[in-house]
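Below is one structure; the comments refer to it alone.
Naming convention: chains lettered A, B, ... in sequence-line order (proteins, then strands); numbering from 1 in each chain.
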Amino acid sequence: MPRWHRPSMVGRARAHLGLLVLIGLVVMLATLLTSAIAPLTERTADRAIAADVRDAGLQGAVVATVSRPYDEGQRIRDPKAVAELRESAASAQRAMPDRLAAVVRPGVTSLTSPSMHLLDAGPGRYLRLAYLTAPGAAPAVTYTSGGPPGPSVPAAKADVEVTVTTDPWPVQVALPREAADALGLQVGDRVEAEDEQHRTATIVISGIFVAGDRDDHVWAAVPELLHPIIGRSDQLTSVSAAAIVSTDSLPDFQLALPFDDLTTRVVFSPQPSQVRWKQTERLMQAIVSLKTSGSRGSSEVSWDSLLDQVLLDSRATVSAAQGQATVLIVGLLAGVTLILVLAADLVVRRRSDSLVLMRERGASLMGIFSELAAESVVVALVGSALGTLVTWLLVGDVGWRWSLPVLVIATLAGPVLATTRAARAADDRRVPANRSARRAVARARSVRRLLVEGVVLAVAVLTYVALHQRGVVGDGDLTASSAPTWFAIVGGLLLVRVLPPATRLVLARARRVLGAVPLVVAARTSRSAGRALPLLVVAVTVAQLTTAVALVATEQHGQAAGALQSVGGDASWETAPDRSVSAAAAKVSSSAGVRAAAAARVVEGFGLASGSSSATVRLVIVDSTAYQRVLAASPLPDAPQLARLHRRADGKVPALLLGGDRDLRDDLQVRWEDTPVPLTVVGVAPRVGDSTEPVLVIDRAEFESAGVVADPGTVWAVGPGAAAALKSAAGTAGTVDVLTDVVDARRSAPLASGLVRLAVASAVLLLMFAVLGVALAAAAEAPVRAESLGRLRSLGLGRLDVRRVLLGELVSPVVVGAVAGVVLGAGAAVVMFGSLSLELITGQSATPGLVVPWWTSLTVVGLVGTAMLIAVAEAARVGRLPLAALLRGGDQR
Amino acid sequence: MVVARGLTRTYGSGPGTVHALQDVSFDVAPGEMVALVGRSGSGKTTLLNLIGGLDQPDSGTVRVDGTEVTGLDDEGLSQLRRDSVSYVFQTFGLVPALTAAENVGVPLRLRRTPAVEREKRVALLLELVGLRDHADQRPSELSGGQQQRVAIARSLAGSPRLLIADEPTGQLDAETGLGVMGLLRGLVESEGVTAVVSTHDPVMMALADRVLTISDGRLT
Ligand SMILES: Nc1ncnc2c1ncn2[C@@H]1O[C@H](COP(=O)(O)OP(=O)(O)O)[C@@H](O)[C@H]1O
Ligand SMILES: [Mg+2]
């Protein structure tokens, strides 16, 4: 261990305290952000997963279906049925792995019948019977008439087994208010119901109730209880509702229906807030193995769930977001690295003389390194500790992963550069005197440089290929995620290569100018053009900043575009198809603040066939004139080809088709409620809705003139009053989507908003680093400039010219670096955004169009302004320096 | 050409005060070459700086070619340097980024001399100092003697009335110094320039028209 000379270490630190504090500050700011990233991304991922699970609703439930032992035709009314049912529920609960049990609510056990056709209540009326039980208190209900279902035997016999001979056996049920209204049933009604095999059951309505808490998860086990499904197909309206069976009427329920009609299920609905990002993989495994366990043996429980798929999709989105975040973080770290190296370089320059002196006094390189390392460790640790502390206070948690590199770079940059400088100082005296030897040294240097550039280029290509092949996934794949940063670095190095010859050209021109200022500026710029670091700092930080801003802008724009595409206007109304919707649309279109409205029948996944091909399309049967106006009034692409839908040719209905193969266009026909309608394709359909499915658009009037009926169920409206008009037209029927709400929802989703925050934070830091880079680069050369300017002043260069020289010298490299940075950042975005899975965050079906906001170029203006300020300040300082002292300073060298 | 009266310059204050120059007066006639001689620290540089307007005296005045240097503002001093007074420094004072020819051309550029005329004069001066073949080399690629010769060429480029040289051979070995001094003497004569040259060197003293000796801030 080399001996440290403490007093000189302290003296050195004190002499450059300002710069050391600055380095500490950079470390602190960088750590502040980087140490917050890990905990914040994890929280964001948790919230995103929770939101996806919540949105999945019942799809996310884990359902156990329990098969009951078949009991041989014995007609016994068994009051212990409830206990048996509970036992099967308990066994399902036991079979569930703890990991899964921790994220779902206790199971809701149900015994349900199929949806049975009510014979006495008119056509198209269906009723499902369900017995529901869950741990804890039963959900509160209030009977508006009648009372809970009772046993179909006298109270005295309710608790004992009774052999039954009557057939059919009645069962008492209670109806939710919604079901009673939809079916038109009243208390005391006795209706016959029939299953698909035309086996009948007798149902007695004991009461009608209103649910106390409609959101109680127990109701979700049988959705049509509180939300009867009302389907209107042309003239016919069908209603599917459900009724509940009580504990008292459960034994009757089992007798009233054929054994095989009853299904016992335990529904475990997920608790979104309990699902953690970190557990998702194991959760998925648990679900998959649970699902296969049922099919494997002769187990009496079989499991079913889409939760694993929901989690899988959610993980894909989270991974994409994390990958994008990693792109931003790597960019930020590149900026931090460069700025720390630049600052260390400045310190080393300022210490150059004392380093040479140390070396001359016999200090070993190891000794120099360790003395300086001791200092930089202190600076880095203090900065990093402060940053971490602030993060911890603000976020409550810190992550090391991204702040460790900052610490390492801050610690090593200074000592490494200083040691290299000291080693060179010793070499310099051994510079070979003869020319050819000097040339050999220069050649060795240029080979070394080529080697470094070659390695950087190779790494950049490698990362680019990785990005192109696998995209960005999660935060573990630094190879792919660093591609945009390497792109910028390669661009920066290229710039450093191109600049010297370019400045030589400028210099040649400046020689021909009359005055001294252009010559001096060009000559000095040309000499410093080969200095890679300052240029790289500005170009790379500005490039990363541009990429970050472009990422956010592209996503925000994509979110708006995707929302517009999926809503179809400023608002849309989706309801059950009905004749009246057309009139409602007409009324909406003439409402105040509505520029256009159109009604359509939209059928997803419609099977389409031509002579030689078939496809699943989105079928849109629309009032085409109105729809054309809607498209014209909205930012959606116009579709003048809609006018062709009125030109009927040889008895076929004209249609527009988007996508699908070519064969689909020959002899196309749709089968609409069993009536075949031949179509002829007259053009390309506009994209309706946000999906990749082919789209087939037909005019409704033309379509109906082929002898079919297609009532509209969708209305799109455009204009500031569209949402209000649609809402008032809709009343309680269907749902109204409002564009601004959809955009807000997409933008405020956890991942989208988290990415925006990260991008903004890193852009702000990068901007600060760029400004700092300009200042540090200026400071590095300031003494040399002052000397040159002193000499020029002794020749009669005036004050104004001094300022001009400084402006030219300081501003021109910043302009070049910053413009190159913007170009490189935008270039990286153009080349690589396609591989970042941005559409997963914008919620579109395709990659969003790239948006690079014009105001990113303001960074150039800002940095140039900084350079100008520095130039003016430096000119004032140089002007104040007494020339005698300046020249004498030179004397004493 | 130079009229100095009662020049006094002190550095610092309190007990550490240095009286670098005390009540110095002298004249230099046009075309005269004066050698300023004195031990190190005697005040030579201080005096030359005051004459050339690089520094201001605490009291006293300097007139160069009828202009009162001590009364000029910044712009006036710049103009003085562009038009009438030039310097040769011990450390040459070349601009490292510029080639030899470019360095020599700077005073001409500052006077906005037309390019053709400028190039002609630069070539002539480089020829005179024997560096025609080194025109495109930068100072770092030249030896000390060559650099000082470039500096001398530069100091004469703008056809100044007064040339001030502060130990022009101080950094050169004896032989090179001798060459530079001969060159300086010859050029001063041929260009008709008034010159004040500080030096330790007896050879320079012999070449001068007159020798001023300074010691402890006073002319003796
Ligand atoms: N900027 C200064 N501050 C303090 N003392 C100075 C300064 N410049 C010169 N001196 C002092 O003034 C005296 C004269 O210096 P100088 O004119 O440089 O002498 P010479 O050129 O003959 O060697 C010396 O004692 C020197 O130490
Ligand atoms: Mg001196």
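- Under the 3.5 Å distance criterion, the side-chain polar atoms of Arg791(A) are matched with a main-chain donor or acceptor of Leu94(B).
- Residues Ser788(A) and Pro96(B) approach most closely at OG-CD, 3.5 Å, considering heavy atoms.
- We find the OG-CZ distance between Ser78(B) and Arg799(A) to be 8.0 Å, quoted to the nearest 0.5 Å.
- Considering all non-hydrogen atoms of both residues, Leu110(B) and Gly796(A) come closest at CD1-C, 3.9 Å.
- Atom CZ in Arg81(B) sits 10.0 Å away from atom CG in Leu797(A) (nearest 0.5 Å).
- With chain A as the partner, the residue from Arg138(B), Arg154(B), Gln56(B), Glu167(B) showing the most heavy-atom pairs under 4.5 Å is Arg154(B).
- Although no hydrogens or angles enter the test, the distance criterion places a donor-acceptor pair under 3.5 Å between the side chain of Arg109(B) and the main chain of Val513(A).
- Considering CG of Leu77(B) and CG of Leu883(A), their distance stands at 8.5 Å, rounded to 0.5 Å.
- Only the backbone of Thr113(B) has a heavy atom closer than 4.5 Å to any heavy atom of chain A.
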Show, in sequence, the C-alpha distance, side-chain angles and deciding distance for Leu98(B) and Arg524(A), and conclude whether the side chain to side chain contact (heavy atoms under 4.5 Å, CB included) test is met. CA-CA 8 Å; Leu98(B) 302 181; Arg524(A) 291 202 36 90; over 6 Å; no
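- The two residues Asn49(B) and Ala884(A) make their nearest non-hydrogen contact at ND2-CB, 3.5 Å.
- By the neighbour-count criterion of 12 heavy atoms within 6.0 Å, atom CZ of Arg497(A) is densely surrounded, having more than that number from other residues, nucleotides or ligands.
- Annotation for Arg132(B): atom CZ does not count as buried by contact number, only 12 or fewer foreign heavy atoms lying within 6.0 Å.
- Ion pairing of Glu102(B) with Arg511(A) is present here, as a side-chain N (NZ or NE/NH1/NH2) and a carboxylate O approach within less than 4.0 Å.
- Shortest non-hydrogen contact noted between Phe89(B) and Ser794(A) is CE1-OG, 3.7 Å.
- Residue Ser86(B) holds its OG atom at 8.5 Å from CG of Leu795(A), rounded to the nearest 0.5 Å.
- By the 6.0 Å contact criterion, CZ on Arg161(B) is open, its count of non-hydrogen atoms from other residues, nucleotides or ligands being 12 or less.
- Within a 6.0 Å radius of CE in Met868(A), other residues, nucleotides and ligands contribute 12 heavy atoms or fewer.
- Within a 6.0 Å radius of CG in Asp216(B), no more than 12 heavy atoms belonging to other residues, nucleotides or ligands are found.
- By the 6.0 Å contact criterion, CZ on Arg527(A) is enclosed, its count of non-hydrogen atoms from other residues, nucleotides or ligands being greater than 12.
- Contact count versus chain A (heavy atoms, under 4.5 Å) is highest, among Leu50(B), Asn103(B), Val106(B), Asp74(B), for Asp74(B).
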Evaluation steps, side chain to side chain contact (heavy atoms under 4.5 Å, CB included), between Val95(B) and Glu787(A): CA-CA 9 Å; Val95(B) 179; Glu787(A) 196 179 66; over 6 Å; no
